[in-house]
Structure formats: C-alpha cells, structure tokens
Amino acid sequence: MPLDLQVDGERWRAHLRKTAESLPSLVPVVKGNGYGLTRERLAAESSGLGVDTLAVGTYAELQSVQGHFSGDVLVLSPWRPGDHGEPGHPIPGPTGHARPEEGAALGRGTRQDARVIHTVSRPEDLRALSAAGSSRRVVVEVLTSMRRHGMELVAALAALRHPGVTVEGVALHLPMTGDVVGEARAAGTALRDAGLPTPLWVSHLAARDCAGLADALGIDVRPRVGTALWLGDRAALRPRALVLDVHAVARGDRYGYRGHRASGAGRILVVAGGTAHGIGLEAPKAGTSLVNRGKALALGALEAAGRVRSPYRWTGRQLWFAEPPHMHVSMLWLPDGAAPPRVGDELDLDVRFTTTTFDRVLGLD
Ligand SMILES: *Cc1c(COP(=O)(O)O)cnc(C)c1O
C-alpha cells in the first residue's frame with residue numbers, strides 16, 4: 001500500500017546538471033533520509049554527475065553510500081573520540097565488516113579510510129586523530145556566526161599546520177541569513193594571509209558568491225549542497241498516496257480506534273501514509289483564514305474528536321484527518337457533496353521531504 005514519490009526524472013536530472021554546472025566544485029550532500037529519495041539513490045546520482053566528493057551527515061551513514069559512489073566521502077559531523085577512524089575503530093567496508101587486517105598489511109588505514117575525509121572541530125580531536133598514525137584526511141571546521149561546531153580562527157590556523165594529518169581544507173557552516181559572504185571572505189583572507197591557501201568548504205552560499213570568493217582569494221571553494229540540489233525543482237517531485245478503501249458513513253455512525261461518531265454524512269477515506277512514513281498531524285497554519293477557522297468551528301463535534309488538517313488533497317481541496325494517522329495508513333474525512341475518489345485512485349499530498357519515508361521512488365530507473 002504505497003506512499004509514492006513520483007519523480008519527473010528528466011526534469012529532476014536537468015536541474016541536477018544545471019546546478020552542478022553552476023557550481024564547479026560541488027559536493028552533493030547525501031544525508032538523513034536522502035531528502036526523501038534515499039541516500040543510496042542520491043549517491044548513485046552523484047556518480048552520474050561526475051563529482052569527485054560527496055558528503056554524508058554521520059559516520060553511521062558512511063556505509064550506505066559505499067558501493068554507489070567511488071569517490072571521496074566527507075563526513076559533516078565533526079569527528080569525536082570513539083568515532084570510526086580512531087585506532088581500534090576502523091571504517092566499515094562496503095560489506096559492513098571492518099577490515100583492520102587489510103589496513104595493517106598496507107601500513108596505513110583500510111582502503112575505505114583513504115576515501116574518508118573527516119571534519120575536525122576541536123584541537124584535541126585533531127591530536128587524537130593524528131595519533132592514528134595513517135595521516136587521516138581532515139577538513140578543519142571554523143566556528144561561524146551559526147555557532148554550531150568549530151574552532152576559533154586562530155586555533156584553526158594552528159590546526160592546519162598540525163603534523164600527522166592530511167589537511168584537505170577549512171570548513172565553514174554558514175547560516176542562511178546575515179553577511180555570510182563577508183564572513184566567508186574574512187576567513188578566506190585570513191587563511192591566505194597566513195600562507196595557507198587551502199580549499200574552503202562552504203555551506204549555503206549562492207553560486208555567484210562561491211565564484212566571486214574563489215576569484216578574489218585564488219582558492220578552491222567547495223559548496224556542500226543538499227536541499228537546493230535535490231529539492232531545488234519541487235515541480236519535478238510529486239508525492240502520491242494510494243486510496244485503499246472508501247466507506248460511506250451516515251451522521252452518528254462510529255469510526256476509528258476511538259469510536260468517534262460522524263457529525264454528518266460523508267466518507268471515510270483510508271489512504272496510504274502514516275506515522276511510519278513520517279506523516280504527522282499538521283498544526284493549523286498561522287494566518288489561517290477566518291473562513292477556514294469558521295469551517296473548523298462548524299465542524300463542532302468532529303473538531304472536538306481531534307480532527308485536524310491533513311497534508312492530503314483531493315481535487316485541489318485539502319482534507320481533514322478523521323482521526324490521527326495510524327502507522328501505515330491515515331483515515332481522512334470527505335464530507336458529502338464532494339465526488340469521492342475510488343479505491344485505487346491517488347491523492348496528492350504536501351510533505352516535508354526530509355522527514356518522509358516513501359515506500360517507492362518512481363521515475364528514476
Ligand atoms: C546538511 C548540511 C548541508 C546541506 O544543507 P542543505 O540546506 O540541505 O543544502 C551543508 N553543510 C552542512 C555542514 C550540513 O550539515
């Protein structure tokens with residue numbers, strides 16, 4: 001009983017290509033639920049784009065991209081003691097089994113280790129990682145106005161000269177507002193003035209700002225992009241939910257887990273998509289019109305039964321949940337008067353892609 005993501009493959013891939021062309025050193029970000037498309041699929045698409053590096057969110061996500069992408073893989077979460085890459089914590093191979101003996105035989109890390117680029121955000125972690133003795137590849141994260149992870153610039157400059165690791169650049173996780181270009185330029189200038197013209201790995205910078213920065217500072221600027229790449233052309237992505245059952249109910253009929261009574265005649269639509277897919281109750285939007293609020297009030301008993309707006313639409317109308325979503329299906333309320341869908345029809349729905357797990361992604365094979 002599928003909740004599907006129907007992709008217009010040609011259109012979606014055209015957007016990927018256009019984005020990659022506008023960002024010469026693009027590092028696609030493949031993390032979390034793979035922006036609704038799965039990490040495995042996005043890793044394979046990254047290979048098709050011809051990029052040399054992609055980024056995953058965590059060490060736990062490393063394995064999922066191996067086998068789909070053969071270039072370098074940056075881990076965005078800063079390395080901490082106990083993470084892979086530390087002595088005694090080799091990086092898992094594509095089979096899921098760590099292969100420390102192979103690394104030992106080669107006198108360096110495992111073959112996977114050589115492809116992994118670690119993010120380091122504290123001087124003590126750099127020391128611990130360099131103690132691994134195989135010249136791990138690192139980018140040094142500098143604290144930005146976002147204040148998530150990172151070292152102060154002075155500490156970062158020292159870290160860049162740390163022996164025992166291979167420095168691949170400096171990372172800046174920039175917020176989405178403020179003078180982020182100025183912030184990136186200041187960091188890049190400090191690096192250049194310190195005689196360390198190392199690549200700058202940035203997040204959330206526009207293509208023209210990346211190009212401007214690279215030109216002005218004479219360095220490689222590597223934009224790490226997820227949302228604007230994978231979800232940048234929303235019209236290419238169409239979530240759809242199968243209608244599994246339709247039940248006519250009269251006023252007063254009971255339905256659902258809690259035996260609610262219908263406040264009027266209508267239909268219960270049982271549709272694909274529940275909490276297991278990340279379908280949740282949607283809070284009424286701020287600024288909901290008076291008409292809608294009036295409608296909500298008019299629902300009376302049903303409203304008291306916990307009815308809230310659902311993300312599903314039928315013939316352009318947003319539907320209400322008949323009760324909170326179940327694990328794999330949701331029950332929706334369609335009042336009499338509207339032509340009902342039939343079993344086997346599909347409803348459009350609005351979802352947040354980063355929190356939705358689709359049963360199938362169609363249109364990309
Ligand atoms: C998630 C992440 C990105 C990508 O973010 P989008 O908004 O999806 O492009 C870039 N940089 C860092 C450090 C991240 O954690």
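Everything quoted here is computed from the prediction, not taken from an experiment. Whatever order the structure lists ligands and atoms in, that order sets their numbers, starting from 1.
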Under 3.5 Å, which donor-acceptor pairs link side chains of residues 202-217 to any protein atom two or more places apart or in another chain?
residue : atom : partner : partner atom : Å
Ser203  : OG   : Arg224  : NE           : 3.3
Ser203  : OG   : Arg224  : NH2          : 2.9
His204  : ND1  : Leu174  : O            : 3.3

Within a strict 4.5 Å, meaning less than it, do heavy atoms of the Arg137 and Val165 side chains meet?
no
What residue pairs, at least two apart or across chains, pass ring-ring contact (aromatic ring centres under 6.0 Å, His included) with a residue in residues 342-365?
none
Just list the N/O pairs, ligand 1 to protein, that are under 3.5 Å apart, with the distance for each.
residue  : atom   : partner : partner atom : Å
ligand 1 : 5 (O)  : His204  : NE2          : 3.4
ligand 1 : 7 (O)  : His204  : NE2          : 2.7
ligand 1 : 7 (O)  : Thr227  : OG1          : 3.4
ligand 1 : 8 (O)  : Tyr35   : OH           : 2.6
ligand 1 : 8 (O)  : Thr227  : N            : 2.8
ligand 1 : 8 (O)  : Thr227  : OG1          : 2.7
ligand 1 : 9 (O)  : Gly226  : N            : 2.8
ligand 1 : 9 (O)  : Thr227  : N            : 3.2
ligand 1 : 11 (N) : Ser203  : OG           : 2.7
ligand 1 : 15 (O) : Lys31   : NZ           : 2.8
ligand 1 : 15 (O) : Arg148  : NH2          : 3.4

Which residues share a salt bridge (charged side-chain N to carboxylate O under 4.0 Å, His left out) with Arg192, sequence neighbours left out
none
Pairwise distance CG(Leu74) to CZ(Arg222) - rounded to 0.5 angstrom:
9.0 Å
Would you please say whether a donor-acceptor pair under 3.5 Å links the side chains of Ser121 and Arg80?
yes
